[in-house]
Amino acid sequence: MLHLKCDTPQRWLAQVDADLPSILIDHAHCEKKAAGTAVQLLFRYPQHAELLAPLSKLAREELVHFEQLLALLAERGLRFSRHRPSPYAGRLRERERTGEPERLQDTLLCCALIEARSCERFGLLAEAAEDPALAGFYRRLLDAEARHHGIYLSLAHSLAPQAEVEARLRELAEHEAAVLAEARFSGHLHSGMH
Ligand SMILES: [Fe+2]
Ligand SMILES: [Fe+2]
């Protein structure tokens, strides 16, 4: 359902356990970035009326998630601060084509895959969390990010024939799996696995 080409292995969780504060701080940055990416699309494509309301709503939801993370960090005595971003999204988006409408289609599909990976990892984090409040938090986010995955995918489908979108999604999902396979664990939500 999430169209991912690889599963995050359980050993990734062991590395998260070793540095949960970094994961939480990075997660706050990811929610802010997700809102920013959706807003950037509103600026880049004002002529695409079908994108505007769904992406505006999605950006607001990501900012609510960001605020929830800020509260969670404060509860745990962790300080939100400048942070070196994970290379994941940049590496994934290197494959975006440059001409239109391919660029927009690829951006929407890359965003769909990033949402899918977040959703998959929140599922693992929810299962592993010893703190029931944290587990519940991840479960709620998981539902939202699964929905965002669907929104980005349906926007991509509204712009091109179904077979073309599905083929490109498969290619980008293979690339996403390769990006993670090459990356090391780094205290980021979208870090590699070794
Ligand atoms: Fe989010
Ligand atoms: Fe999201």
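Just so you know, ligand 1 is whichever comes first in the structure, and atom 1 is the first atom listed for that ligand. Every value quoted in this text rests on a predicted model; they were computed, and no experiment measured them.
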Sole candidate of Gln40, Glu102, Glu96 that passes side-chain hydrogen bond (donor to acceptor under 3.5 Å, both in side chains) when paired with Thr107: Glu96

Glu145 atom OE2 and Glu62 atom OE1 as seen from the Fe ion (ligand 1), angle to 10 degrees: 140°

Proximal heteroatom of His65 relative to the Fe ion (ligand 1) (N/O/S): ND1

Atom name of the N, O or S atom in Glu31 that lies nearest to the Fe ion (ligand 1): OE1

Evaluation steps, ring pair (Phe, Tyr, Trp, His ring centres under 6.0 Å), between His29 and His188: CA-CA 10 Å; His29 282 278; His188 295 92; 9.3 Å; no

Three-point angle Glu115:OE1, the Fe ion (ligand 2), His148:ND1, rounded to the nearest 10°: 110°

Aromatic ring proximity, centroids under 6.0 angstrom, His3 and His149: yes

Exercise: identify the closest heavy-atom pair between Leu155 and Glu50: CD2-O, 3.6 Å

